[in-house]
Amino acid sequence: MIDFKMTIAELLNEKIEAMTVEEIYDTIEYPKHEDMGDYAFPCFRLAKAFRKAPNMIAADIVEAIGSHAYFETIESVAAYINFKIDKAVFAKAVLEEISEKGDQYGATDIGENKNLIVEFSSVNIAKAFHMGHIRSTMIGNALYKIFGFLGFNAISINHLGDYGTQFGKMIVAYKKWGDKDVILKDPVRELVKLYVKFHEEAENDPVLDDTAREWFTKLENGDQEAYELWAWMKELSLVEFDRVYDMLGVHFDSYAGESFYSDKIPAVLEEMRNKNIMKKSEGAEIVDLEPHNMPPALITKKDGSSLYITRDIAAAMYRKSHYDFVKNIYVVGAPQQLHFKQWMKIIELMGHEWAKDCVHVEFGTVSLEEGSMSTRKGRVIYLEEVLLKAVESTKAIIEEKNPNLENKDEVAKQVGVGAVVYQELSNNRIKDYTFSWESTLSFEGETGPYVMYTHARACSVLRKADVEFSAGIEYKHLGDDASKDVIRLLSKFPEVVLESARKYEPAMVTRYVTNLAQRFNRFYHDNPILVDDVEVKKARLALVDATRQTIKTGLNLVGLAAPERM
RNA sequence: GCGUCACUAGCUCAGUUGGAUAGAGCAACGGCCUUCUAAGCCGUAGGUCUGGGGUUCGAAUCCCUAGUGACGCGCCA
């Protein structure tokens, strides 16, 4: 595709000696309003070099450039030079590019097939897979897909919370109050009940906590009974979790969780001791991080058993040696920021330069109107329940609007789940939000169903087209503003994907497809597509097809399906 | 106490890393289906970008300060 931005940079460089082509390229921006043009170059910074007012500079440069075949107009407005690309040239460049590349439009090979790890979801065994977990799960899944699209060999890891003192608690609770048959009827919910009961009882009986710690230490030391109970709970949990992952279309390359690293911890502790970065404190071992403006990190407890941070350090070390990653990404909530800063600093103190390749992608908290979600307090909304309800609502809408649709159940699942996922990925990840059934089950405006609906509409028109439009298209027929708006947006897709990867922000892609859907719907409304004039029809169909493709690719990148009918 | 983050329309949020007239959706009001899917489109109304300083040609964006809210800070994960 013609690189319009680079063309402009080179054109300007001939008139501006004070800046390099690269500097000019980086200074070029998009005008705030589309009627001003497609690209703009602000001249403020040239004032000193030219010893003139910026608006004079702009006017002079415009005059010096004159005209160019790619551009409809090159104008100066105040201190800006605005470039408006010729509509037919633009349409041809963009639509042919998309048509050629198909579902690879926007893809790159900058990853050079190097290993890139995305750790996400990381749910806790024997605990609720609740609405709060959708964040890590879907943000991580989107990053996994986006980085894969950019040529990395992305590896998804579900760092299961399957270890730690909490399992001591579960074992104690099960032995005291558990009933195998009751648990088998509804495993996770029953296990959660035991967990809740443990905490209620422990309030008045601190001995329980000590017993729990003892059981975890037993588990860590390979006690048969502890191991069997733990393995059983893990298995029961995973069956349920996989049901949800399946609904979400999420796949993991590895389920190596915290327990996986338990036998790798001693070697890490050894290394830390040898490198002299730990010291004893009140019977425990800590790393003093005061020189780095952080509180000390507790590495081993006074009974010698491991902690969360110990396992994360061991996991990172293992991953470096096993995968030799170029990037190791952790999609974990913002409240754990300090934890990540601490252990990444410790890796650095151990002398591992790859500490800089570890990234904590943090996100805000989902809460309920009653307060933050807490398994311990029994205050949770199960993710599966939300998904099922969304699918059910979608089904009702289909029955009403499109009763003759063939595969209603499958579409209802795609659209319903999509609505929930879209909601999750539409805001910048750092934002906290309060879960609401009303907004989750609303399917109008900036929602997943809206974007999917737009895609389905495009598919529908294409199905009804009775001409071949793969070649011989007269792009001059796409000269109206609505068409140009769509084309301009289509042209930006590759850089949006790159930027979303750079910022680890899938919402950029979600917002982009929403924007594209909005523009396309205007085009669709203003321009009848299946008209008698064959030339016009072919040109518009080409636009429809390119939009269909780009919406689909975008939706897929954030883990959403793009049904062809709904 | 120390630290991190957030604050933009009634509500939920964008705002291209400092640029032009701050934009969407929801809610409200008014229009558009005998023509390609109305889960749609168009229009009206809605703003002291939390307050106050500063930096400069130029600030929602950077710095300082105050406020409000959320979160974190040694034996949980």
Side-chain angles (χ1 to χ4, degrees), chain A residues 29-33 36 40 42 44-45 47-48 53-54 77-80 82 122 124 127 161 163-166 169 209 212-213 258 281-286 293-303 305 307-309 311-312 333-339 341-342 362 364-365 367 372 376 394 397-398 400-402 405 415 419 423 426-428 430-434 436 438-439 442-454 456-465 492 495-496 499 503 507-508 511 514-515 517-518 521-522 524-531 540 544 565-566:
Chain A
E29 57 192 51
Y30 298 118
K32 206 148 205 153
H33 295 89
M36 296 191 279
F44 302 100
R45 253 170 267 177
K48 272 182 189 147
V77 178
Y80 288 87
N82 291 335
S122 307
N124 291 317
K127 282 217 223 165
Y163 226 51
T165 310
Q166 52 175 328
K169 294 177 182 175
D209 279 322
R213 269 190 285 271
E258 293 182 43
S281 170
E282 296 166 38
E285 284 174 295
I286 64 162
N293 293 317
M294 283 186 269
L298 193 64
I299 307 297
T300 64
K301 297 188 237 177
K302 60 186 168 200
D303 69 0
S305 63
L307 282 154
Y308 183 44
I309 196 166
R311 295 190 283 273
D312 260 337
Q336 293 190 43
Q337 192 199 63
L338 178 60
H339 164 77
K341 279 175 80 171
Q342 284 181 320
E362 57 188 334
T365 306
S367 55
S372 61
R376 192 177 297 190
T394 306
I397 293 171
I398 292 173
E400 180 199 325
K401 296 185 188 275
N402 197 356
L405 187 68
V415 177
Q423 166 181 261
S426 57
N427 294 342
N428 285 347
I430 198 63
K431 297 273 181 186
D432 293 341
Y433 75 90
T434 305
S436 124
E438 197 194 340
S439 66
S442 109
F443 301 150
E444 285 166 26
E446 294 172 340
T447 65
Y450 169 81
V451 180
M452 291 180 178
Y453 173 78
T454 307
R457 261 180 154 182
C459 290
S460 177
V461 181
L462 293 166
R463 271 196 305 274
K464 290 180 178 160
K492 291 179 183 171
E495 66 191 78
V496 168
E499 189 67 1
K503 290 182 169 173
M508 290 192 70
R511 275 198 300 273
T514 307
N515 229 307
Q518 285 171 336
N521 278 324
R522 186 180 305 162
Y524 179 91
H525 185 266
D526 292 354
N527 301 61
I529 296 152
L530 303 174
V531 290
R540 289 184 180 159
V544 174
R565 300 170 206 253
M566 65 184 268

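What you are looking at is a predicted structure, and each value in this text was computed from that prediction instead of being measured. Throughout, a chain's letter reflects where its sequence line sits, starting with A, and its residues are numbered from 1. Both backbone and side-chain heavy atoms feed into the values below; hydrogens, waters and symmetry mates do not.
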(request) Would you classify B:rU50 as syn or anti? Syn applies when the glycosidic angle is within 90° of 0. (result)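 That one's anti.
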(request) Identify whether the glycosidic angle of B:rC62 places it syn (within 90° of 0) or anti. (result)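 Glycosidic conformation of B:rC62: anti.
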(request) Could you say whether A:Lys503 or A:Ile398 is positioned toward the 5' end of RNA chain B, judged by the nucleotide with the nearest heavy atom to each? (result)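 Whichever sits nearer the 5' end wins; that is A:Lys503.
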(request) Name the residue closer to the 5' end of RNA chain B, choosing between A:Pro54 and A:Pro295 according to the nucleotide with the nearest heavy atom. (result)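 In this pair, the answer is A:Pro54.
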[N] phosphate, OP1 or OP2, under 4.0 Å from [X] side-chain N/O:
X: A:Lys169; N: B:rA77; result: no
X: A:Asn428; N: B:rG15; result: yes
X: A:Thr165; N: B:rA77; result: yes
X: A:Arg213; N: B:rC76; result: yes
X: A:Tyr450; N: B:rC41; result: yes
X: A:His525; N: B:rA38; result: no
X: A:Arg457; N: B:rA38; result: yes

Interatomic distance at [atom1], [N] relative to [M], whole Å:
N: B:rA66; M: B:rG1; atom1: P; value: 12 Å
N: B:rU16; M: B:rU61; atom1: C1'; value: 12 Å
N: B:rG46; M: B:rC7; atom1: P; value: 25 Å
N: B:rC26; M: B:rC64; atom1: C1'; value: 37 Å
N: B:rU8; M: B:rG47; atom1: P; value: 15 Å
N: B:rC62; M: B:rG74; atom1: P; value: 31 Å
N: B:rU21; M: B:rU68; atom1: C1'; value: 31 Å
N: B:rC36; M: B:rU48; atom1: C1'; value: 48 Å

Verify whether one side chain among [X] and [Y] offers a donor that lies under 3.5 Å from an acceptor in the other.
X: A:Ser281; Y: A:Lys302; result: no
X: A:Arg522; Y: A:Asn527; result: no
X: A:Asn402; Y: A:Arg565; result: no

(message) To the closest 0.5 Å, what do you measure between OH (A:Tyr450) and OG (A:Ser442)?
(response)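 The OH atom of A:Tyr450 sits 13.5 Å away from the OG atom of A:Ser442.
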(message) Rounded at 0.5 Å granularity, tell me how far CD1 in A:Ile299 sits from CD1 in A:Ile286.
(response)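 Taking CD1 in A:Ile299 and CD1 in A:Ile286, the distance rounds to 9.0 Å.
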Can you identify which nucleotide, out of [options], has its nearest atom closest to the [X] side chain?
X: A:Asn521; options: B:rC75, B:rC41, B:rC36; result: B:rC41
X: A:Ile286; options: B:rG74, B:rA77, B:rC26; result: B:rG74
X: A:Asn427; options: B:rA39, B:rC36, B:rU12; result: B:rU12
X: A:Tyr453; options: B:rA39, B:rA20, B:rG72; result: B:rA39
X: A:Tyr30; options: B:rU16, B:rA20, B:rA77; result: B:rU16
X: A:Ser281; options: B:rC42, B:rA20, B:rG74; result: B:rG74
X: A:Val461; options: B:rA39, B:rU37, B:rU12; result: B:rU37
X: A:Ala456; options: B:rU37, B:rA20, B:rA77; result: B:rU37
X: A:Arg463; options: B:rC26, B:rG72, B:rU37; result: B:rU37
X: A:Lys301; options: B:rA39, B:rC36, B:rC75; result: B:rC75

What integer distance in Å separates [X]:[atom1] from [N]:[atom2]?
X: A:Met508; N: B:rA24; atom1: CE; atom2: P; answer: 18 Å
X: A:Leu298; N: B:rC73; atom1: CG; atom2: C1'; answer: 13 Å
X: A:Arg511; N: B:rA14; atom1: CZ; atom2: P; answer: 6 Å

(message) Please convert RNA chain B into dot-bracket. A pair counts if it is Watson-Crick or G-U wobble with both distances under 3.5 Å; crossing pairs go in [ ] and bases paired with another strand get |.
(response) (((((((..((((.....[...)))).(((((.......))))).....(((((..]....))))))))))))....
(message) For nucleotides 1-6 of chain B, give me one character per nucleotide, 5' to 3': B if any protein heavy atom sits under 4.0 Å from the base, S if the only such contacts are to the sugar-phosphate, - if neither.
(response) ---SSS
(message) So, using ring-ring contact (aromatic ring centres under 6.0 Å, His included) as the criterion, who are the partners of A:Tyr453 when residues are at least two apart?
(response)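 Once residues adjacent in sequence are excluded, A:Tyr453 has no partner under the ring-ring contact (aromatic ring centres under 6.0 Å, His included) criterion.
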(message) Restricting to non-hydrogen atoms, name the atom on A:Met566 and the atom on A:Ala456 that form the minimum distance, rounded to 0.1 Å.
(response)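 That would be CG-CB, 3.8 Å.
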